[in-house]
Amino acid sequence: MALQLCSLALLNRWAAGHYLIASAVAVEITLLHNFVWHLHYTWRDRRDETTRLRQLLRFHLSNGLVSMLGNLALMRILVHEGHVPLLVSNCIAIVCCSFVNFYLGNDWVFAGSAGTIQGRAGI
């Protein structure tokens, strides 16, 4: 969360007025950081050297889409329509997306062979 907020603050300072672009870049930076973090710490017991690219693809298809679409939609509503300050809006967006992202990470991206979503999706 700190990385995304700091990235957003810096990017928004450099490109003032383009908060959605700054938000998208901050989300992508954070996604890549979170993937590495999850691989080495959160789900290190499920790490398999042969599936890193597959896990990265799954991470972006799940957490990436949820984070990007969720953050951008909520930022548009909160900042543009609600006039909520940028970083407060981003905190709200992060919290809203985090529950779905944890579920997808646990049950699909880093799931073992018994992953619930993995078994059904066949990916």
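Position 1 is the first residue of the sequence, and the numbers go up from there.
- Note: the hydrophobic cluster containing Leu78 does not contain Ile94 (ILVMFWY, side chain heavy atoms under 4.5 Å, direct or indirect links).
- Using a 30° and 60° split on the angle between ring planes, Tyr41 and Trp37 fall in the tilted class, from 30° to 60°.
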**OP:** Would you sort out whether Cys96 and Ile92 count as a side-chain contact (heavy atoms from CB on, under 4.5 Å), showing the intermediate values?
**Re:** CA-CA 6 Å; Cys96 289; Ile92 294 167; 4.1 Å; yes
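- Linking Ile, Leu, Val, Met, Phe, Trp and Tyr residues whenever their side-chain heavy atoms come within less than 4.5 Å places Leu61 and Phe102 in a single cluster.
- The closest donor-acceptor contact from the side chain of Asn63 to the backbone of Asn101 lies under 3.5 Å.
- A distance of 9.0 Å separates CD of Glu28 from OG1 of Thr30, quoted to the nearest 0.5 Å.
- We find the CG-CD1 distance between Leu72 and Ile77 to be 11.0 Å, quoted to the nearest 0.5 Å.
- The cluster map of Ile, Leu, Val, Met, Phe, Trp and Tyr, joined by side-chain heavy atoms under 4.5 Å apart, puts Leu3 and Val88 in different clusters.
- Taken together through direct or relayed side-chain contacts under 4.5 Å among Ile, Leu, Val, Met, Phe, Trp and Tyr, Val27 and Leu65 form parts of separate hydrophobic clusters.
- Checked options Asn71, Leu31, Ile29; the residue passing with Gln4 is Asn71 (criterion: side chain to side chain contact (heavy atoms under 4.5 Å, CB included)).
- Nearest heavy atom pair, residue Met75 against residue Tyr19, reads O-CE1, 3.7 Å.
- One hydrophobic cluster, built from ILVMFWY side chains closer than 4.5 Å, cannot hold both Trp14 and Leu8; they sit in different ones.
- Here the SG atom belonging to Cys97 is positioned 10.5 Å from the CE atom belonging to Met68, to the nearest 0.5 angstrom.
- In terms of heavy atoms, Asn12 sits closest to Gly17 at OD1-N, 4.2 Å.
- Relative ring orientation between Phe59 and Phe35 is described as tilted, the plane-to-plane angle lying within the 30° to 60° band.
- Note: His60 NE2 to Ser67 OG = 9.5 Å, rounded to the nearest 0.5 Å.
- With rounding to the nearest 0.5 Å, the separation of CZ in Arg52 from CG in Leu39 is 5.0 Å.
- Note that CG of Leu5 is 6.0 Å distant from CG of Leu87, once rounded to the nearest 0.5 Å.
- Across Ser62 and Leu104, no two heavy atoms sit closer than the pair CB-CD1, 3.7 Å.
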